[in-house]
Every structure is written in C-alpha cells, then in structure tokens.
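The basis for the numbers below is simple: all heavy atoms, side chains too, and nothing from hydrogens, waters or symmetry mates. This is a predicted model, so every value here is computed, not measured.
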Amino acid sequence: MFKEEVWALEPERIETFFLHHREVHATADGYRFRDCRITVTVLPPRRIAGLALPQTRVIFEGSDDSALLIYRQFQLRFLSAGG
C-alpha cells in the first residue's frame, strides 16, 4: 500500500502522535510501524485570506495490513475537528 496525503497540521503534532504510539519507532528518515515506513515532510504554509495554514505531507508505505492499520489510527486521531 502506498498512501500519500497532505494534512493541515503542525509537524510537531504529527511527531507527537507517532512518538507516543507503542509500536512506532523513529528512524533516520521518518518512522516505522511493523513493515510500514512513514515519511513526514513539512511543506510551505498554505495562505488563504491572510491566514497561514500549516501543510505536512505524510506518506505510508508498506504491506496493506500494517500500512492500513497505522493509517486508520492516524486518520482517526486527526480527522475530527480539534483532533
């Protein structure tokens, strides 16, 4: 599975999520959950009507089982307003 999305979240919030997950380990190029590699890239803010919204690209790459499991957990954490 390969899943790439851009989230309007500060990279620190994403980092906190992964670092506090028991099964996620930091690596030199991101994070690892089982056999899923997770890459986080900070993008320039998106400017809308004078507001600067953070933009962070998150890529999940790995077997369908592992990647889908951690992606769903990530999505549930941040999909709701204020997550």
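Summarising the geometry, atom CZ belonging to Arg37 is positioned 8.0 Å from atom OG1 belonging to Thr27; distances are rounded to the nearest 0.5 Å. Atom CZ of Phe17 is separated from atom CD1 of Ile70 by 4.5 Å, given to the nearest 0.5 angstrom. Of the inter-residue distances, the one linking Leu76 atom CG with Tyr71 atom OH reads 9.5 Å to the nearest 0.5 angstrom. Within the model, atoms CD1 of Ile59 and CD of Glu4 stand 4.0 Å from one another, a figure rounded to the nearest 0.5 Å. The distance from the CD atom of Glu23 to the OG atom of Ser66 is 9.0 Å, given to the nearest 0.5 Å. The CZ atom of Arg32 lies 9.5 Å from the CD atom of Glu61; values are rounded to the nearest 0.5 Å.
In terms of heavy atoms, Phe78 sits closest to Arg13 at CZ-O, 3.6 Å. Summarising the geometry of His25 relative to Arg22, their closest heavy-atom pair is CE1-O, 4.4 Å, with the distance given to 0.1 Å. Counting all heavy atoms, side chain and backbone alike, Tyr31 lies closest to Ala26 at CD2-CA, 3.9 Å.
Counting heavy atoms from C-beta outward, Arg46 and Val6 have side chains that stay 4.5 Å or more apart.
One hydrophobic cluster holds both Leu79 and Ile38 under the rule that ILVMFWY side chains link at heavy-atom gaps under 4.5 Å. Placement of Phe18 and Leu43 in two distinct hydrophobic clusters is found when ILVMFWY residues are connected by side-chain heavy-atom separations under 4.5 Å, directly or transitively.
A side chain to side chain contact (heavy atoms under 4.5 Å, CB included) with Arg57 holds for exactly one of Thr39, Val40, Thr41; it is Thr41.
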Could you go through Val58 and Glu5, starting from their C-alpha distance and side-chain angles, then the distance that decides it, and tell me whether this counts as side-chain contact (heavy atoms from CB on, under 4.5 Å)?
CA-CA 6 Å; Val58 184; Glu5 294 184 341; 5.7 Å; no
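At distances below 3.5 Å, at least one donor-acceptor pair connects side-chain atoms of Thr56 with backbone N or O atoms of Leu9.
Between Phe74 and Trp7, the angle of the ring planes goes over 60°, which puts this pair in the perpendicular group of the 30/60° scheme.
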